[in-house]
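Worksheet: the structure to be examined is printed underneath.
Both backbone and side-chain heavy atoms feed into the values below; hydrogens, waters and symmetry mates do not. Computed from a predicted model, the values in this text were never measured in an experiment.
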Amino acid sequence: MTKAAVKTLAILNAKAPYSNTAGKDALDIALIFGSFEQSVSLFFQGDGVCQLISNQDGAIISVKDYLKTFSAFEFYDIENVYACKASLEERSLLASFHIKEVQVLSRKDFADKLTLHHTILRF
Amino acid sequence: MTKAAVKTLAILNAKAPYSNTAGKDALDIALIFGSFEQSVSLFFQGDGVCQLISNQDGAIISVKDYLKTFSAFEFYDIENVYACKASLEERSLLASFHIKEVQVLSRKDFADKLTLHHTILRF
Amino acid sequence: MATLHIVRQSAFSSNDFFQCLQIVTDNDVIVFIDDGCYNLQHSLINSIDTNKNIQLKVIEQHANARAIAINEAVFTKVSMGDLVSLTFENSRVITWQ
Amino acid sequence: MATLHIVRQSAFSSNDFFQCLQIVTDNDVIVFIDDGCYNLQHSLINSIDTNKNIQLKVIEQHANARAIAINEAVFTKVSMGDLVSLTFENSRVITWQ
Amino acid sequence: MYRLESKTVNKLSVMITTPPYNNLSVTALNYVETALKAGVELIGVFFYQDGVMHANTNTQVASDEFQVLSHWQRLHQEYKLPLHLCITAAEKRGISDEQSTQNIHPIFTVSGLGELVELSTTADRMVQF
Amino acid sequence: MYRLESKTVNKLSVMITTPPYNNLSVTALNYVETALKAGVELIGVFFYQDGVMHANTNTQVASDEFQVLSHWQRLHQEYKLPLHLCITAAEKRGISDEQSTQNIHPIFTVSGLGELVELSTTADRMVQF
């Protein structure tokens, strides 16, 4: 890709939700890129996949639940949301997600998709 | 042990030196307890054992090297310094320490010594 | 003389729970709280010697918030009040965070 | 189209380096810095497929500060200047911290 | 609600090392409040490492997020709960009791690690969060 | 010293997420300074998460410890290096540009995540520390 090409951002989410702000901090970046009509893709690996699981409820532990904002991805034209299959399996998690955009990818496909991007930030 | 018995503190060090302040924060507590003539024992487990290894030099990476202060343990009457043998072996570390007080203990002896204490703080 | 272990981190991400299990002794109590709840699904649970009479507990609200199912054959659901109680019923507390 | 992986954490404590190895692709470069230097002794190194031509490098000063021996048959010593250079010689950078 | 049966071993002290913008602190606060309501004698909370950021009066929290500081304030008032701030840890994080830059909330007592010695030797249990 | 051969792909931006009291920040600073000396066009450093604490003027560092802020100041002056502070992350950590509590060092530009969009789309490489 040449220097003049459009730059794309991938955000690699590696942490579980709630106990720290990593997921929320990553989401804020994604939404800003979306609102500036910049291409942004979201990847979930390791404990990051826990951010995608259905039926979570941060309100129970007094967290303002940023996961609910994931439903705004469509509005922001964030269509590329990828989960690592191996990470889901390692955690015995069913592929039951609270948003519909999620694509579950094998380790190799996950790596291939990720490395299509120019900039990768990991939270 | 009855309520009136002397309380003893164990500090369980679990992090490698330098990249964060955990080791230094733990050391500061140990020295204060020593200076108040309170009983304090130091335990090193997991990456915490890296704090004990010889020939480290924080000055190379612009850290004020708190490890050098370990040599003051004698002055503060801190005699109980224990390293987990399994943690050393897992990291292929030789039992070559920069202070002389270190006792290398098996997993069981390490646990037994640790649980002799009333208060355990982990850093 | 038992110890209360409060486990706050996911063993899928960090080795804190592994270190806890290196130290855990007969009749100790382990309570999973915060991200420690993810350990309910971790294979390390199976490595715990059932002859040691280790009690495994989980703060129900912390697991529920994370949509983590609690296998009540293995884990006892507890409240924050129970955790306070356990603090005094055991001789000492170690927080694994 | 290779990727530069900057690894800052010990695999003995966290699973960041494991996740890195899940993604690493032919001809990628891995540089161990900060506590990532502890990975020079970790068994995960042996799991790296030697046919993939993955380059393993370590910032010499960061290893020296920690008294970590560098096996030069496996790891190339680099400076911070080299890390800056690698930033542009590869197509993208991922920091594992 | 849980109430302590035995009154012989119920002196508690708590150390908080996590910052207020982190949900781990909500857990700690919840534990502290539950202990107080159960009649535990909580002799003090010691704020260390990133925990010192709880005391910062300059912190701005969005109105729809959990207001940790206001909860500490409530517990301090209702139960006369002593809240000790490690000033050395605080100064590293831009929290200061110097007159020109004073940004420590008045419910906190400026302390040092000597106070931790006192708390740990007096309490029957010390719990770290 | 290393110098870049090619001048075609050498626009760099850096994100810093670790606090100043942490040695990881020394590594980041070292990387930034090395890049500047090598002639890399460093278009800006963006401070996010705990990285925002670098900007706090109230921070007190012992005189025998590494003075991170004074190094940022030196690089800012010598190379006109833009230092962007995410104000939302800063406010959560008691760092504010309001007149009454202003504690942001003047070498920092008060920014938001929009600036990150600019930095990442303009730079050839963005490196996170």
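- Of the inter-residue distances, the one linking Q9(D) atom CD with L24(F) atom CG reads 8.0 Å to the nearest 0.5 angstrom.
- Judged by distance alone, the side chain of R8(D) and the main-chain N or O of F129(F) form no donor-acceptor pair under 3.5 Å.
- No option in V93(D), T87(D), V84(D) other than T87(D) meets the side chain to side chain contact (heavy atoms under 4.5 Å, CB included) test with L12(F).
- Within residues 33-43 of chain D, the residues having any heavy atom less than 4.5 Å from a heavy atom of chain F are, in residue-number order, I33(D), D34(D).
- The side-chain contact (heavy atoms from CB on, under 4.5 Å) check on E98(F) picks up Q60(E), S96(F), T101(F), with sequence neighbours excluded.
- One distance of note links CG of N30(F) with CD of Q61(D); it measures 7.0 Å at 0.5 Å rounding.
- Proximity of M80(D) to T27(F): side-chain heavy atoms (C-beta onward) are separated by under 4.5 Å at one or more points.
- Side-chain contact of T18(F) with Q97(D): a donor-acceptor pair under 3.5 Å is absent, judged by distance alone.
- Atoms CD1 and OH, from I59(D) and Y31(F) in turn, are 10.0 Å apart once rounded to the nearest 0.5 Å.
- In terms of modelled atom types and a separation under 3.5 Å, the side chain of Q128(F) and the main chain of I94(D) share no donor-acceptor contact.
- At least one donor-acceptor pair under 3.5 Å links the side chain of R125(F) to the backbone N or O of N90(D).
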